[in-house]
There are 2 protein chains.
Amino acid sequence: MTSQDRLVAAAQELMWERGFAATSPRKILDRAEVGQGSMYHHFGSKEGLAAAAFERSAAETLARAEVILRSDEGDAASRVVGYLLVQREVLLGCPVGRMASDPDVLASDSLSTILRATFARVRTLLSEAIAAGVAAGELRDGDPADIADTVLAVVQGGYVLARAEGGAEPFNRAVRGAAALLRTRTDGGAGDRATR
Amino acid sequence: MTSQDRLVAAAQELMWERGFAATSPRKILDRAEVGQGSMYHHFGSKEGLAAAAFERSAAETLARAEVILRSDEGDAASRVVGYLLVQREVLLGCPVGRMASDPDVLASDSLSTILRATFARVRTLLSEAIAAGVAAGELRDGDPADIADTVLAVVQGGYVLARAEGGAEPFNRAVRGAAALLRTRTDGGAGDRATR
DNA sequence: GTCTATAACTCGATAGAC
DNA sequence: GTCTATCGAGTTATAGAC
């Protein structure tokens, strides 16, 4: 593993745990077991390293959403409900959504661009699946664009409630409630898949 | 206005805008136009002042929720939908929920206690209104405890999406979608009320 | 009760040896 | 390409005059 890779991996972990502003170069270097010179040589600044790390985390998160929402097994409703009910690292939060509450992230062009682009893509994936589910009569009627943001918001807000509470229960209640509201018919099981 | 009041008011504003960790005593003192000595005399520490400010903000937010959710005008469904659709300072975010993403807040006993207690109370208010709405057949059937967290999460997540996007649209879509999913019958208007 | 001065520390970034 | 030493600014908190 090269110094670059070690730095990016350490920055990903720390930014997921603590956000951008609260993650100092010092802590990244300690975890990566790399000297300060390497970081500034390869990435130029804290922001440069953070952008590389965030880009990778966002790509990973997006890929997980795509696997669920574009799956060719099961109907559209199950894919949408599956997105709500996937196993997540509830107490850590979403590595993407987490960045939205950091003023320094919104003030940075490179970081806020990744943030916007990632949410935009998940929104599109959700909209498509929801439109298909509504057309098939599996999901309650409604504007797919609205419902897509409702689903996104339930997940992101679930993280907020869980962190506030210090436990996963509020997250689980929130997604369970949303799944119940979305379905036209209440058939039992919903697909669970392991991911963050 | 006493020095204490000026300090608390300034801290409330800054913590709403930037959170706890990113709000330094220096910035609070500048905005309050008060010397450093006053702050440490009255509140002992940054955390002490922050707790006083957060307590006040949380009480204000809770009072607004109570006005909507315990109103005796309109049916229970309109109160729940009203809570979703109130006019809010979408780009600033929720002065309470904002704190949940700050690691320093969760590490502080006094601050995290206020956070947990406030969400718990809003959750109770929502649960009661939802249970009444379900019993009256105005809201879709479901576990009121689950739906209460769904509604809370839509609002908190809507803030996250709006901040990420830099505009209020994702928030508005999310709450509109949730309101549509909650109602058993789709009658037009929903109550709007001016508040944060 | 409020002020200024200053302590002890951490921040992000740079310099220059190797 | 990686290291250590150091810079200047900003952090929370304390000391002591008034």
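Protein chains get the first letters and strands the later ones, always in sequence-line order, with residue 1 at the start of each.
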S.K.: Suppose we screen for ring-ring contact (aromatic ring centres under 6.0 Å, His included). Which residues come up paired with A:F119, at least two apart in sequence or across chains?
M.R.: none
S.K.: Over the length of the helix from C:dG1-D:dC18 to C:dC18-D:dG1, how much do the five-pair end axes diverge, rounded to 10 degrees?
M.R.: 10°
S.K.: With sequence neighbours excluded, what pairs up with B:F54 under the ring-ring contact (aromatic ring centres under 6.0 Å, His included) test?
M.R.: none
S.K.: If a protein heavy atom is under 4.0 Å from the base, mark B; if only from the sugar-phosphate, S; if neither, -; do that for nucleotides 8-15 of chain C going 5' to 3'.
M.R.: ---SSBB-
S.K.: Show me the pairs that pass salt bridge (Lys or Arg N to Asp or Glu O under 4.0 Å) and involve residues 110-122 of chain B, at least two apart or across chains.
M.R.: none
S.K.: Scan for salt bridge (Lys or Arg N to Asp or Glu O under 4.0 Å) pairs involving residues 150-172 of chain B, sequence neighbours excluded, and state none if there are none.
M.R.: A:R123-B:E165
S.K.: Here's one to test your reading of the geometry: is the NZ or CZ of B:R70 within 45 degrees of the ring axis of B:Y83 and under 6.0 Å from its centre?
M.R.: no
S.K.: Can you list everything that forms a salt bridge (charged side-chain N to carboxylate O under 4.0 Å, His left out) with A:R173? Sequence neighbours excluded, please.
M.R.: B:D149
S.K.: On DNA chain D, which is the earliest and which the latest nucleotide, 5' to 3', with an atom closer than 4.0 Å to a heavy atom of chain A?
M.R.: D:dG1 to D:dA5
S.K.: Which residue pairs satisfy the side chain to side chain donor-acceptor pair (under 3.5 Å) criterion with at least one member in residues 44-53 of chain B, sequence neighbours excluded?
M.R.: B:E47-B:S108, B:E47-B:S110
S.K.: Can you name the residues that form a salt bridge (charged side-chain N to carboxylate O under 4.0 Å, His left out) with A:D141, not counting sequence neighbours?
M.R.: none
S.K.: For A:E13, give me all partners under side-chain hydrogen bond (donor to acceptor under 3.5 Å, both in side chains), at least two apart in sequence or on another chain.
M.R.: A:R31
S.K.: For B:D146, check side-chain hydrogen bond (donor to acceptor under 3.5 Å, both in side chains) against everything at least two apart and list the hits.
M.R.: A:R176
